[in-house]
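Structure first, commentary second.
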Amino acid sequence: MHLIDQQPHFWELYRNQDNYYLSIAVDMSSVVSCWNIGLTEKEIQNYQNNGRIAIEELVNSIVTETYRGNFSNLEARKVSEQIQQELQIAFKAWRSQQH
């Protein structure tokens, strides 16, 4: 698992072989809600074709949904505890390389 792109304090994009995962921090004014989701094949293809802009558009659409109180997309795409741990380990490894 590797961190491949990010917008600090907002989202991180990870890759593990052919799978892509997105960690998103949604600021709901009084609380920040953090989600780890898997990307669909279509979203992966869109990222491979269009780069970072594809992830920014995806994140913006998810944030818009959550501001409307719709968490169903996020709930349906949540990753397992094991994947969440792998994401945390990858982030810590990336951060230690930055110092």
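Scope of the values below: all heavy atoms of this structure, side chains included, with no hydrogens, waters or symmetry mates. One is the number of the first residue; the rest follow in order along the sequence.
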**Q.** Donor-acceptor contact present, side-chain Arg52 to main-chain Gln6, <3.5 Å
**A.**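 Judged by distance alone, yes, a pair lies under 3.5 Å.
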Should [X] and [Y] be counted in the same cluster of Ile, Leu, Val, Met, Phe, Trp and Tyr side chains packed under 4.5 Å apart?
X	Y	result
Met1	Ile37	no
Val26	Leu13	yes
Leu3	Val79	yes
Trp94	Ile24	no

Atom of [X], atom of [Y] and distance for their closest heavy-atom approach:
X	Y	value
Glu56	Gln7	OE2-OE1, 4.5 Å
Asn73	Arg77	OD1-CD, 2.9 Å
Glu43	Gly38	OE1-O, 4.4 Å

Is the number of heavy atoms from other residues, nucleotides or ligands within 6.0 Å of [atom1] ([X]) greater than 12?
X	atom1	answer
Gln17	CD	no
Glu41	CD	no
Asp18	CG	no

Q | Criterion side chain to side chain contact (heavy atoms under 4.5 Å, CB included) on Gln45 and Asn49, from CA distance to verdict | A | CA-CA 6 Å; Gln45 192 68 42; Asn49 292 336; 3.6 Å; yes
With side chains defined as the heavy atoms from C-beta onward, is the minimum distance between [X] and [Y] less than 4.5 Å?
X	Y	result
Trp11	Asp5	yes
Ser33	Trp35	yes
Phe71	Thr66	yes
Tyr21	Arg15	no
Ile89	Phe91	no
Leu58	Leu39	yes

Q | Check: Tyr47 ring centre within less than 6.0 Å of Tyr20 ring centre | A | yes
What's the spacing between [X] [atom1] and [Y] [atom2] if we round to 0.5 Å?
X	Y	atom1	atom2	answer
Ser72	Glu65	OG	CD	6.5 Å
Ile4	Ile55	CD1	CD1	7.5 Å
Gln84	Glu86	CD	CD	11.0 Å

Q | Ile83 vs Asn36, side chain to side chain contact (heavy atoms under 4.5 Å, CB included): CA-CA, chis, key distance, verdict | A | CA-CA 9 Å; Ile83 295 295; Asn36 296 312; over 6 Å; no
